[in-house]
Amino acid sequence: MKIAQLTAHEILDQYAAQQLKVVDVVGSVLEQISQSEKDIHAYAQVFSGDKLPAFNGKNIPIPIAIKDNICIKDTETTCCSKILKNFIAPYDATVIGKLKQSGAIFVGHANMDEFAFGSSTETSCYGPTRNPWDLSRVPGGSSGGSAAAVAGNEAIWALGSDTGGSIRQPAAYCGVVGLKPTYGRVSRFGLIAFASSLDQIGPITKDVTDSALLMNIISGYDPKDSTSANVPNPDYTKALVKNVKGLKIGLPKEYFIEGLDAEVKTKVMDAVLLLKSCGAEFKEISLPHSKFAIACYYIVATAEASSNLGRFDGVQYGLRAQPSQVRKTNLVDMYEETRDQGFGNEAKRRIMLGTYSLSSGYYDAYYLKGLKVRTMIKMDFDRAFEEVDAIITPTAPTTAFKLGEKMNDPISMYLNDIFTTPANLSGIPAISIPCGFSKNRLPIGLQIMAKPFAEETLFRIGYTYEQNR
Amino acid sequence: MSMDFETVIGLEVHLQLKTATKIFCACANQFGEQPNSLTCPVCLGLPGTLPVLNKKVLEYGIKVGLALGCEINPYIKFDRKNYYYPDLPKAYQISQYDFPVAKNGLVMIPMEKGELKKIRVNRAHLEEDAGKLTHEADGTLVDYNRTGTPLLEIVTEADMRSPQEAYDYLQVLKLTLQYLNVSDCDMEKGSLRCDANVSIRPREETKLGTKSEIKNMNSFKAVKAALEYEVIRHTQVILSGEKIVQETRLWDDNKQMTLSMRSKEEAHDYRYFPDPDLVPFVVKADKIKEIRQSLPELPYAKLERFKNQYNLNGYDAFILVLDQTIAQFFEECVALYPEAKKIANWLNGPLLREISDRKSSLAELKLVPASLAGLIKMVEDGVVSNLVGKDVLKIMLDTGKSAEQIIQENGLAQVSDQESLTRIVDEIIKENPKAVGEIKSGKENVLGFLVGQTMKKTQGKANPKMIGEIIKRRILDA
């Protein structure tokens, strides 16, 4: 077995036992990159080697892939968009500062859908990432590069960001563990915003234990982020217990519906049976407004995105373009030409959608209505969590699809997020855990959701499942 | 058609709050520094950065709101106002849209015969200032130092009926704001900026006429001039049978006229929506109470108190109240020497003149209340004349010495001993036989001439009252 295939906690054990050195781990990961990166293309950019830290018993010198929308000081951070090419972040995101303190080794900026707009990592200006399990298929998205890097052993673990499923869906497609923490649990400072009220940074790892370990490093209150929650931050590894006895888990009937792939449904139900055999109690619940989640999500998220992306205007940084002939005024021409050249089609589509729903005369019918529906979706979850400790659903309705299959069908692409967007709209934590494979060897993911700040419940259920498979 | 029009004016004042740091980051909030030296990733709006509200800004906003008699909105919420301009690095301004920090206030302006008029304040909301553009021949430069400077926008109802009322409102507002010590209120430096909405309508009409908004005035006088210009322009347009176009116009101070900037059709759709980066919160009632209790005595209350407590006339009290430090200095002087009217005269006369001549302020001068009170007392006691007293004041401001010391060191005390004064008077009588004759024949007004001659001989050090008495005695009793 190659070193790069190990989990972070296995590597840490071997560091402690002096069976492994940091240089060996990094060497193994880099070797893997040199072998498979040309096929997978998990990275927007692989960093050239800095001086490696030694293991000292307390630090966690593990190679990590960072999604290209998280700022690392003095590196090009582009959200995989042409408009941000050559933008060198002059500061570290809060999570990067925490990782640096932990001794992390940054392998590179992972590929992603442009500005996290997508579910396939095909909209990146650097070209698509391919699924390590089947190179003809997408890794999911938007954190497809991060998930593929971990699944393809091109990093030991990774950070992604999740606005409507962008950690969980690629984790499911690539057969790894992806956690979207509670909104406010992890600082967003330094995460280039897509939809500020939905975005969360989270870990993509090979197993649940690593997920808890990485959460220990990156989570916690940050005074630089006003939406960060000032609540006690637990040691998540304490939740890694093989015991779900007495836990009540809900199965929302609206999530096991037509359109759900039969194999996906079977594997998820197998997992339910296993957890039941471990002592968890299951009951059917109803989340009646979840069927509006996709519509609601694409109103709220695009509205915020249209405003967040206004700053990419060619004035201070990134791309600046001017048409050869004056059309309106020099300034307006510069704005239009820069944004026309700099943004890809999906980014333009979302900016237009969001601009429309915030426009005077349409605000009430779209954005405001969207906010109201969002509240109703959240209230469904509040009610459900009065009865159950957690909710289990599939992460995505299908397994990984083929490259190009949905690029010209945005609605079908958007429907990939049908099971994941409700957690973002409600702010609750949700994790995707591998629960088997389809007949053609494609990974399937199981989603567990819990009430706000109950990541420990997710880890407990996930760990029990993982250990008893 | 009626020729008699009524002018209707509403004002929007943008006030820069002088907190130590900017509204959403820790950069220093200062004017006049090296371009782009007071910036950080947050106020530059760099990707991934987030705003964190400066608590002091909120406190100042509440303070002004309370001083203007507003209701305070305890629910603090910020919104994004989206538009593109190179001085706005995020392409949106963080502002307050539907929940301004303060609303429904009142400002009282002075009218004729000591009457007051109410100008209603519609709202006051917090927002961030934009950067500053400098247009040069080969391009435009951006200075982001001002980006993120805290602003309070104070919007009145259309309650003013003349450019003079608008001017008076601005004066009273500025005075109130200076009392609160929350802003420099300097229009030239841009720490107080004013946009004016103006329209006219036939006098009996209740519906508002079409307005124009005027910007770019850099003094209160310019606001008044711009409004006067617009009133005439509106009147001419309407009398010529045409219609006013709703538009934004810029005041050109050199040409003393307004020029069209953009029409309503070109106005932006700002796409306001709640800023998801700033979670709304509620200010505790205790906090608002605490701020209310920290308010200083405001100008009108002080004016009334000065009139009553010190028995000052309206004019004297008004001049004192116009400057909070002078008002305080006045009260400290009165505490040491309880001759309020005399002290007010000295403050409003010689002292203010000195301050203005020296282009200084009371705070900058080395004057302590005890020194001025001491000087006034010495003048009243006849130690020095009023005239010499003014010279003593000058030396006092130059050196910081006490009146006593200055008078002693410079031998300025009035010659008051009878014997030496009588000797001098006798010399004067001898030198002016004609005048003496006239006095003897009953022309008492010539006495003044002899007093003047005596003063000249003593280089102003003699006590004129005493001299008059001695001359009379020596001539008439002789």
Side-chain angles (χ1 to χ4, degrees), chain A residues 69-71 77-79 84 87 89-94 184 187-193 195-199 222-229 300 303-304 306-318 330-332 334-335 339 354-363 367-368 371, chain B residues 24-26 36 39-55 76-94 97-98 130-131 133 135 138-144 147 266-281:
Chain A
N69 58 355
I70 300 173
C71 290
T77 305
T78 70
C79 293
L84 268 178
F87 170 65
Y91 72 101
D92 275 329
T94 296
S187 169
R188 290 190 298 116
F189 188 82
L191 169 66
I192 301 179
S196 314
S197 75
L198 303 162
D199 296 342
D222 179 9
K224 285 197 236 169
D225 174 2
S226 306
T227 64
S228 156
V300 173
E304 292 182 16
S306 72
S307 171
N308 283 331
L309 270 62
R311 73 188 69 198
F312 307 112
D313 60 3
V315 174
Q316 256 195 95
Y317 46 80
N330 275 332
L331 179 64
V332 174
M334 190 276 281
Y335 284 149
R339 291 167 70 82
T355 303
Y356 184 82
S357 68
L358 287 177
S359 293
S360 137
Y362 300 96
Y363 182 91
Y367 185 70
L368 200 62
L371 289 189
Chain B
F24 296 121
C25 67
N36 296 310
T39 58
C40 73
V42 176
C43 57
L44 289 176
L46 292 188
T49 56
L50 296 169
V52 177
L53 177 64
N54 178 346
K55 278 184 190 161
I76 302 300
K77 170 178 172 276
F78 286 91
D79 303 274
R80 292 185 183 178
K81 178 181 181 180
N82 297 282
Y83 65 95
Y84 288 91
Y85 208 59
D87 64 4
L88 191 70
K90 300 189 297 296
Y92 60 82
Q93 179 193 29
I94 303 177
Y97 183 57
D98 47 359
L133 298 185
H135 300 286
D138 54 345
T140 299
L141 300 171
V142 195
D143 176 7
Y144 293 111
T147 309
E266 299 164 65
H268 298 287
D269 177 357
Y270 290 119
R271 291 177 287 121
Y272 279 100
F273 76 107
D275 189 343
D277 288 331
L278 290 159
V279 186
F281 63 96

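Below, chain A is the first sequence line, B the second, and so on; all start at residue 1. When reading the values below, keep in mind they use all heavy atoms of this one structure, side chains included, and skip hydrogens, waters and symmetry mates.
Among residues two or more places apart in sequence or in another chain, the side-chain contact (heavy atoms from CB on, under 4.5 Å) test is passed with A/Ser360 by B/Asp269. Among residues two or more places apart in sequence or in another chain, the ring-ring contact (aromatic ring centres under 6.0 Å, His included) test is passed with B/Phe78 by B/Phe24.
Nearest heavy-atom pair across B/Pro86 and A/Leu331 is CG-CD1, 3.6 Å. Listed here is the closest heavy atom pair of B/Val279 and A/Thr227: CG2-CG2, 3.7 Å. Here the closest non-hydrogen pair linking A/Ser226 and B/Leu278 is OG-CD2, 3.8 Å. Minimum interatomic distance between A/Arg311 and B/Ala91 (heavy atoms only, all atoms of both residues): N-CB, 3.9 Å. Contact record, B/Gly45 with A/Tyr317: O-OH, 3.8 Å, taken as the closest heavy-atom pair.
For chain A, the option among B/Cys25, B/Pro51, B/Gly48 with the highest count of heavy-atom pairs below 4.5 Å is B/Gly48. Of the listed residues (A/Ala89, A/Gly314, A/Ser359), the greatest number of heavy-atom pairs within a distance under 4.5 Å of chain B belongs to A/Ser359.
Considering only heavy atoms from C-beta on, A/Val332 stays 4.5 Å or farther from B/Tyr84 through its side chain. The closest side-chain heavy-atom distance from B/Leu46 to A/Pro90 is below 4.5 Å. Contact check for A/Tyr91 versus B/Cys40: no side-chain heavy atoms found under the 4.5 Å cut-off.
In this structure, no portion of A/Thr77 lies under 4.5 Å from any heavy atom of chain B. With a 4.5 angstrom heavy-atom cutoff, B/Tyr144 touches chain A only via side-chain atoms. B/Pro41 touches chain A through its side chain: at least one heavy atom from C-beta onward sits under 4.5 Å away, while N, CA, C and O do not. Heavy atoms closer than 4.5 Å to chain B are found in both the backbone and the side chain of A/Asn308.
A perpendicular orientation is assigned to the rings of A/Tyr367 and B/Phe273, their planes being inclined by more than 60° (bins at 30° and 60°).
Atom OG1 of B/Thr49 and atom CD1 of A/Ile192 lie 9.5 Å apart (nearest 0.5 Å). Between the CG atom in B/Asn82 and the CG atom in A/Leu358 there is a gap of 7.0 Å [rounded to 0.5 Å].
Among the candidates B/Arg80, B/Lys90, B/Lys81, the single residue satisfying the side-chain hydrogen bond (donor to acceptor under 3.5 Å, both in side chains) test with A/Ser307 is B/Arg80.
With a 6.0 Å radius and a threshold of 12 heavy atoms from other residues, nucleotides or ligands, A/Tyr362 has its OH atom at or below the threshold. In the displayed structure, A/Tyr363 atom OH is contacted under 6.0 Å by more than 12 heavy atoms of other residues, nucleotides or ligands.
For the pair A/Gln316 (side chain) and B/Leu44 (backbone), a donor-acceptor distance under 3.5 Å is present.
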